Every structure is written in structure tokens, then in C-alpha cells.
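These notes concern the structure reproduced below.
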Amino acid sequence: MGERKSKEGLSVKEIEAYAKRHRFEVFFSLIFILACLFTFAMWGAGWSIICATVGALIGIFFPGKVEHFSKMTFQFVFRHETGTQLVLAIVALILTIFIPPLYFLILGLHGGKSLRHFAIEEHNSNPKK
């Protein structure tokens, strides 16, 4: 049996294989694209900017708490079997549709934590001139 080709030349099987190999990238990309689209449709960009800013400030001042919360969340998800993980992913996608600023808050939390970490790391690795 021949594989069905789409107009771009990729088969469905190739797309499925890519999505399986890069499931986290596909999931988070989908989450943030949906959050972007639905924030304009339902909330307005202002709320998302405010949530990202608040998240960044919290991430800068409380990086340990943000990291601890993230680790607990991912441990909770990956402790379950694949079917339950799929249900949790679908719930996350549904929340993206109805509460998109929540995902910008999460993005801000991790952005602030990472910026603080990189700044401290660079400061400590470069001796003063």
C-alpha cells in the first residue's frame, strides 16, 4: 500500500513520526499558538501582557519557588500512565482556549526565572575588568 502524500509532499505517517519524536515541542507550540489566538479573540492582548509581566516579576524574585512548582507539576503528570497524560494534555488545551492569560503567566514565570539565572551565571563567569 502506498502512503498518502499531502500537497507539500509529507505523508501522514511522516507527520505522526515527527510528532512522536518531538511531542513536547509540538505540545508547547500548540499551547502557545492557541493562547495567542484566543487571547486576541476573548481577552484582549492587555491581559496577557499583564500576566506575562507579573509572572516575570515573580520568576525573578522567587526562582526557587517557580522551579519547585514546575518540577512538582511535571512529576505529577509523568507519574501517570499514557492515557491519563493524554487526558491532562487535552484539559491543558481546553484551558488554553478559555483562560489564555494563564499560559502567558506561566511563560512569564519561566522567562523571569531563566533571565535571572543567565544574568547571575554570566556575572559570576566574567571577572571584573
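No experiment lies behind these values; they were computed from the predicted model shown.
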Checklist entry - For Ala35 and Pro100, which heavy atoms make the closest approach, and how far apart are they? => result O-CB, 3.4 Å
Checklist entry - If every non-hydrogen atom of Pro101 is compared with every non-hydrogen atom of Cys51, which pair is closest and at what distance? => result O-CB, 3.4 Å
Checklist entry - Among pairs that include at least one residue of residues 95-108, which meet salt bridge (Lys or Arg N to Asp or Glu O under 4.0 Å), considering only residues two or more places apart or in two chains? => result none
Checklist entry - Apart from Phe40 itself, what residues make up its hydrophobic cluster, given side-chain heavy atom links below 4.5 Å? => result none
Next on the checklist: Between Ile97 and Phe32, is there shared hydrophobic-cluster membership here, with clusters defined by ILVMFWY side-chain heavy atoms closer than 4.5 Å?
Outcome noted: yes
Checklist entry - In Å, rounded to the nearest 0.5 Å, how long is the span from CD1 of Ile31 to CG of Leu107? => result 11.5 Å
Checklist entry - How about Leu88 and Phe76: do any of their side-chain heavy atoms sit closer than 4.5 Å? => result yes
Checklist outcome for this item: Residue pairs passing the salt bridge (Lys or Arg N to Asp or Glu O under 4.0 Å) test with at least one member in residues 79-107, sequence neighbours excluded, are none
Item to check | Qualifying residues under side chain to side chain donor-acceptor pair (under 3.5 Å), relative to Glu122, sequence neighbours excluded | outcome: Asn126
Please tabulate, for side-chain N and O atoms in residues 19-29, each donor-acceptor pair with protein atoms closer than 3.5 Å (sequence neighbours left out).
from, atom 1, to, atom 2, distance (Å)
Ser29, OG, Glu25, O, 2.7

Next on the checklist: Just to verify, what does Phe98 make a ring pair (Phe, Tyr, Trp, His ring centres under 6.0 Å) with, not counting sequence neighbours?
Outcome noted: none
For residues 56-75, dump all side-chain donor-acceptor pairs below 3.5 Å to protein atoms at least two apart in sequence or in another chain.
from, atom 1, to, atom 2, distance (Å)
Glu67, OE2, Lys71, NZ, 3.4
Ser70, OG, Val66, O, 3.0
Ser70, OG, His110, NE2, 3.0
Thr73, OG1, Phe69, O, 2.8

Next on the checklist: Check for me, please, whether Ile49 and Tyr103 land in the same ILVMFWY cluster - side-chain distances under 4.5 Å, paths through other members count.
Outcome noted: no
Item to check | Ile120: side chain to side chain contact (heavy atoms under 4.5 Å, CB included) partners, not counting sequence neighbours | outcome: Arg116, Asn124
Checklist entry - Are Val12 and Leu30 co-members of a hydrophobic cluster defined by side-chain heavy atoms under 4.5 Å apart? => result no
Checklist outcome for this item: Apart from Ile33 itself, members of its ILVMFWY cluster (side-chain separation under 4.5 Å) are Leu37
Item to check | Sequence neighbours excluded, every pair satisfying side chain to side chain donor-acceptor pair (under 3.5 Å) that has a member inside residues 84-101 | outcome: none
Checklist entry - Of all residues at least two apart in sequence or in a different chain, which pass the ring pair (Phe, Tyr, Trp, His ring centres under 6.0 Å) check with Phe118? => result none
Checklist entry - Please, which pairs that meet side chain to side chain donor-acceptor pair (under 3.5 Å) have at least one residue in residues 34-53, sequence neighbours excluded? => result Thr39-Ser48
